[in-house]
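The structure under discussion appears below in the form of structure tokens.
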Amino acid sequence: MTEPLLVALDVDTVDEALALANALRGIVGGYKIGSRLFTGRGPAFVEQMVGNGDRVFLDLKFHDIPNTVAGAIAAATRLGVWMVNVHASGGDAMMRAAKAAAVDEAAKAGTPVPLVIAVTVLTSFDQHQLAGVGITAPVADQVRRLAALAQAAGLDGVVASPLEIGLIRDACGTDFAIVTPGIRGAGDAKGDQSRTLSAGEALAAGASHLVVGRPIIAAADPRAAAERIAAACAGIAVRP
Ligand code: C5P
């Protein structure tokens, strides 16, 4: 199994998601369930995956007042997810409440504490979009600021585009997860991703986990595609 390789189950139905999960089990390190599948199919599917022994990254990017986010993180912890995320722009108090809820709820249930990570600046944002919401700092500075804020609040890592891995490693050190989407090999269609690296390049740059969607799930043979990416990761030291 390639522990850092996480597959985005960006499909609409439980049947499609389960078929993919079954085909990829043993090769990939976990499955990302995002707002598309969760909104359509709900928490029962997450519980089913967890019950199968799969590691689930629940990618719902919570951003609300601290009490509400704490409640959502507690609920995710009860589902047994391995990783969950919030928006760092929700601020220090919200992130501290999120982490505390994960720790408290896991202690009550006697289960492992899920990793709580933060989205810094969405990769769909460019300088112009950022200015539109009142932030005039360069994108890289804003990413660095929010990653440091997440770390100071006790979070376990961040989601980052391939091009931000280095600056976050420099700012946050080695003991901090960097979960990186936008992974594309030489022959892959880029789709709507513009800033991409290959799996091997992203790990070598310091990513701890890779989120791969279409290069695997839209392949004619998803298992073979995952095996190729896993082979490209083999032998590359992973941090942290
Ligand atoms: O299909 P692809 O490999 O582009 O899928 C990448 C996954 O990572 C998708 O689920 C996408 O929503 C997610 N993601 C991303 N960029 C971010 C955060 C999440 O592509 N900044």
Side-chain angles (χ1 to χ4, degrees), residues 2 4-13 16-17 20-21 24 27-41 45-46 49 55-63 81-90 115-127 129-130 133 139-140 142-144 146-147 150 155 157-168 177-203 205 207-220 222 225-226 228-230 232-233:
T2 302
L5 179 56
L6 311 177
V7 175
L9 294 178
D10 291 330
V11 293
D12 289 317
T13 69
E16 288 172 278
L20 277 167
L24 300 173
I27 302 173
V28 304
Y31 301 95
K32 183 174 85 70
I33 296 177
S35 47
R36 176 175 170 182
L37 191 55
F38 191 83
T39 303
R41 302 295 151 187
F45 176 65
V46 174
M49 295 283 293
R55 294 200 312 187
V56 173
F57 168 19
L58 189 62
D59 176 26
L60 298 181
K61 300 184 181 70
F62 298 125
H63 185 171
V81 305
W82 160 74
M83 180 183 272
V84 62
N85 61 0
V86 300
H87 270 283
S89 52
L115 296 169
V116 183
I117 65 168
V119 175
T120 57
V121 177
L122 290 169
T123 45
S124 53
F125 267 58
D126 57 14
Q127 204 61 57
Q129 293 283 326
L130 206 56
V133 295
V139 172
Q142 185 66 3
V143 167
R144 194 181 292 107
L146 290 174
L155 264 57
V158 288
V159 182
S161 91
L163 301 191
E164 293 158 359
I165 297 168
L167 73 90
I168 293 169
I178 301 179
V179 180
T180 305
I183 302 300
R184 293 293 184 272
D188 292 332
K190 289 206 170 189
D192 51 2
Q193 300 282 16
S194 54
R195 296 181 286 159
T196 66
L197 287 182
S198 73
E201 288 167 339
L203 289 180
S208 59
H209 299 85
L210 312 173
V211 172
V212 182
R214 287 161 289 181
I216 292 176
I217 68 171
R228 274 195 299 277
I229 295 173
C233 299

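Ligands are counted one by one from 1 in listed order, and the atoms in each one are counted from 1 as well. None of the values given here were measured: they were computed from a predicted structure.
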- Message: Taking side chain to side chain donor-acceptor pair (under 3.5 Å) as the cut-off, I'd like each qualifying pair that reaches into residues 179-188, sequence neighbours left out, listed once.
- Response: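 Non-adjacent pairs meeting side chain to side chain donor-acceptor pair (under 3.5 Å): zero.
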
Please tabulate, line by line, the atom pairs linking an N/O of ligand 1 to a protein N/O at a distance below 3.5 Å, with the distance in Å to 0.1, or answer 'none'.
{"from": "ligand 1", "atom 1": "1 (O)", "to": "Arg214", "atom 2": "N", "distance (Å)": "2.7"}
{"from": "ligand 1", "atom 1": "1 (O)", "to": "Arg214", "atom 2": "NE", "distance (Å)": "2.7"}
{"from": "ligand 1", "atom 1": "3 (O)", "to": "Arg184", "atom 2": "NH1", "distance (Å)": "3.0"}
{"from": "ligand 1", "atom 1": "3 (O)", "to": "Gly213", "atom 2": "N", "distance (Å)": "2.8"}
{"from": "ligand 1", "atom 1": "4 (O)", "to": "Arg184", "atom 2": "NH2", "distance (Å)": "2.8"}
{"from": "ligand 1", "atom 1": "4 (O)", "to": "Gln193", "atom 2": "NE2", "distance (Å)": "2.9"}
{"from": "ligand 1", "atom 1": "4 (O)", "to": "Arg214", "atom 2": "NH2", "distance (Å)": "2.8"}
{"from": "ligand 1", "atom 1": "10 (O)", "to": "Asp10", "atom 2": "OD1", "distance (Å)": "3.4"}
{"from": "ligand 1", "atom 1": "10 (O)", "to": "Asp10", "atom 2": "OD2", "distance (Å)": "2.6"}
{"from": "ligand 1", "atom 1": "10 (O)", "to": "Lys32", "atom 2": "NZ", "distance (Å)": "2.9"}
{"from": "ligand 1", "atom 1": "16 (N)", "to": "Thr123", "atom 2": "OG1", "distance (Å)": "3.3"}
{"from": "ligand 1", "atom 1": "20 (O)", "to": "Gln193", "atom 2": "NE2", "distance (Å)": "2.7"}
{"from": "ligand 1", "atom 1": "21 (N)", "to": "Thr123", "atom 2": "OG1", "distance (Å)": "2.8"}

- Query: Is a salt bridge present between Arg36 and Asp10, judged by a nitrogen-to-oxygen distance below 4.0 Å?
  - Reply: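 Salt bridge between Arg36 and Asp10, a charged N being under 4.0 Å from a carboxylate O: no.
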
- State whether the side chain of Asn85 and the backbone N or O of Phe62 hold a donor-acceptor pair below 3.5 Å, judged by distance alone.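 Side chain of Asn85 to backbone of Phe62: no pair is present.
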
- Task: Please check if the side chain of Ser208 supplies one atom and the backbone of Ile178 the other of a donor-acceptor pair under 3.5 Å.
- Result: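 Yes; at least one donor-acceptor contact below 3.5 Å.
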
- Those residues that, when tested against Arg228, pass side-chain hydrogen bond (donor to acceptor under 3.5 Å, both in side chains) (two or more places apart):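 Testing Arg228 for side-chain hydrogen bond (donor to acceptor under 3.5 Å, both in side chains), a comparison that skips the adjacent residues, returns none.
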
- Message: The criterion is side-chain contact (heavy atoms from CB on, under 4.5 Å); which residues satisfy it with Leu163, sequence neighbours excluded?
- Response: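 Counting only residues at least two positions away or on another chain, Leu163 forms a side-chain contact (heavy atoms from CB on, under 4.5 Å) with Ser161, Arg195.
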
